[in-house]
Amino acid sequence: MRRGAFAMPSGIYLDGNSLGVMPHAAHARVQERLEQWQRHAALGWDDWFDLAESLSPAIARLVGARPHEVIATGSITANLHALLATLYRPEGQRRVIVATALDFPTDLYALESWAARGGGELRLVPSRDGQTLHPDDLHAALQGDVALALFPTVLYRSGQMLDVSGLTRAGQAAGALVGWDAAHSIGATTHEFHETGADFAVWCHYKYVNAGPGAPGGLFLHERWHHLTPGLPGWWGNDKSNQFEMTPRYRKAIGAGAYQTGTPSILALAALEGALSVFAGLEMAEVRQRSLELTDYLIALADRHLPEMRIVTPRPHAERGGHVSLSHPEARQLSAALRRLGVVPDYREPDILRLAPVALYTTPAELDEVVGMLRGLLDSGEHLRAQEAGQTETGGRVT
Ligand SMILES: Cc1ncc(COP(=O)(O)O)c(C=O)c1O
């Protein structure tokens, strides 16, 4: 859809659900901000002071929010802590935090620490098959003792998409606050966080938003909670109009901007600024449509040519995120062999090969080629011979 907007690495890149490729505009904006720094040093702050806030309208479009409900800041982990420090209010018997057994670990570390602090417990929705979550189990966890629930919009291993609006309603009906980790859906599909009434959400911008390694994260706080004082306040979350009066008294900014803490990285925000510009003029429904066409195509190819690989990503569109996960006992070796053939897939323990055809830059011809390579490897056993020769790579250090 926008392939020309990206500096595509050589070979075939199917790892955009881990780290998106670099948009030319990100490079250009970082370059510009570097030059501003070079020419103006501290005077650059005249321009940089509200850079994060200036990105909120573009981010709000991606997550279906009002601009003052979102801010680019922190990381998923830091933003979760900041939001929990504010929103998790255990009271009486209502102390439980709900999450799932298939969550990305950092979320669980953060949630567990707050549950322990609040004298509550972390209740994990179990998985029946180790890959996906059953709606009945998700709903069953939402009992009257739950203070707060956090769910992933899309599961990072299997690519299962959850029912954001149904679970938000069910959690809130049980008296809980409901938040979302949208790391694997932002930039790949539509969201309606404001309309569905989600209480809060966190995400990163380094996957389908393509804002670069360690890009600033993002958070959504529904406007119904904007009267609360952030539990982890800092001067960058102060009201911008009097931040530089340097008074000892904290006056929070109106809106999600209050959840910034310290000075933001302007160079990192510049990359995000460029990356967001690629989405200008694109409807997220079109992006989602293209993503579904690509994942449909990949699933059809895998059905036809790779019968020994099990597709663990759910097939119904409403239950599928932006990537397709294939399980096979030799997935690790297949992933390493693809890397040697110039393909960047992604491997998740113990047996998952994740392939992410990204709407903005992946072509169906690339999927044909990769499935052909996998067929060739499975037929020849080449991937196993390389292992005997000690040529495996883990590729493990990617998120
Ligand atoms: C679902 C999910 N949550 C959280 C993270 C990581 O969070 P952070 O941005 O704090 O490193 C990832 C990283 O891939 C992720 O996939």
Side-chain angles (χ1 to χ4, degrees), residues 14-21 52 59 62-63 70-85 97-114 122 124-125 127 131-133 138 149-162 164 167 179-189 191 193 198 200-220 232 259-262 264-265 268-269 271-272 275 313 320-325 344-349 352 354-356 358 395-399:
L14 291 177
D15 204 9
N17 61 336
S18 174
L19 179 66
V21 302
I59 295 170
L62 300 187
V63 296
V70 301
I71 193 74
T73 188
S75 61
I76 290 178
T77 316
N79 292 341
L80 256 184
H81 278 295
L83 288 163
L84 287 161
I97 296 182
V98 164
T100 95
L102 300 181
D103 285 354
F104 196 87
T106 202
D107 294 14
L108 300 180
Y109 305 159
L111 295 171
E112 176 114 61
S113 77
W114 284 96
L122 183 58
L124 297 185
V125 177
S127 167
Q131 307 287 0
T132 58
L133 297 165
L138 288 159
L150 177 82
F151 296 116
T153 50
V154 172
L155 272 58
Y156 78 100
R157 289 176 84 251
S158 66
Q160 180 189 12
M161 177 180 272
L162 302 187
V164 174
L167 283 166
W180 293 90
D181 177 339
H184 282 271
S185 57
I186 183 169
T189 186
H191 300 74
F193 283 141
F200 68 97
V202 290
W203 58 84
C204 56
H205 291 116
Y206 44 73
K207 300 179 187 289
Y208 296 98
V209 182
N210 314 302
L219 65 86
F220 161 86
L232 297 182
Y259 289 79
Q260 297 169 93
T261 49
S265 161
L269 283 172
L272 175 59
T313 305
R320 191 197 309 162
H323 68 264
V324 175
S325 298
V344 184
D346 161 307
Y347 167 72
R348 280 287 168 268
E349 291 286 347
I352 298 283
R354 288 194 310 187
L355 302 175
V358 176
R397 251 187 232 144
V398 284
T399 57

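We count ligands from 1, going down the list as the structure has it; atoms in each ligand are counted the same way. We use all heavy atoms of the structure for the numbers below, so side chains are in, but hydrogens, waters and symmetry mates are not.
The shortest distance between side-chain heavy atoms of N17 and Y208 falls below 4.5 Å. T73 is not listed as a side-chain neighbour of P216, based on a closest heavy-atom distance of 4.5 Å or more. With contacts defined as side-chain heavy-atom distances shorter than 4.5 Å, the pair L219/L83 qualifies.
Counting atoms of ligand 1 from 1 in the listed order, those under 4.0 Å from a heavy atom of T77 are 7 (O), 8 (P), 10 (O). Interface atoms of ligand 1 facing T106, defined by a heavy-atom separation under 4.0 Å, are 4 (C), 6 (C), 7 (O). With ligand atoms numbered from 1 in the order given, ligand 1 contributes 3 (N), 4 (C) to contacts under 4.0 Å with heavy atoms of D107. Ligand-side atoms of ligand 1 in range of H184: 1 (C), 16 (O), range being under 4.0 angstrom from any heavy atom.
Under 4.0 Å from ligand 1, the heavy atoms of D181 that appear belong solely to its side chain.
Ring orientation note: the planes of H323 and H184 are nearly perpendicular, at an angle over 60° on the 30°/60° scale. A tilted orientation is assigned to the rings of F151 and W180, their planes being inclined by 30° to 60°.
Comparing V202, I76, V154 against atom 4 (C) of ligand 1, the shortest heavy-atom distance belongs to I76.
Considering backbone and side-chain N/O of A183, none are found under 3.5 Å from N/O of ligand 1.
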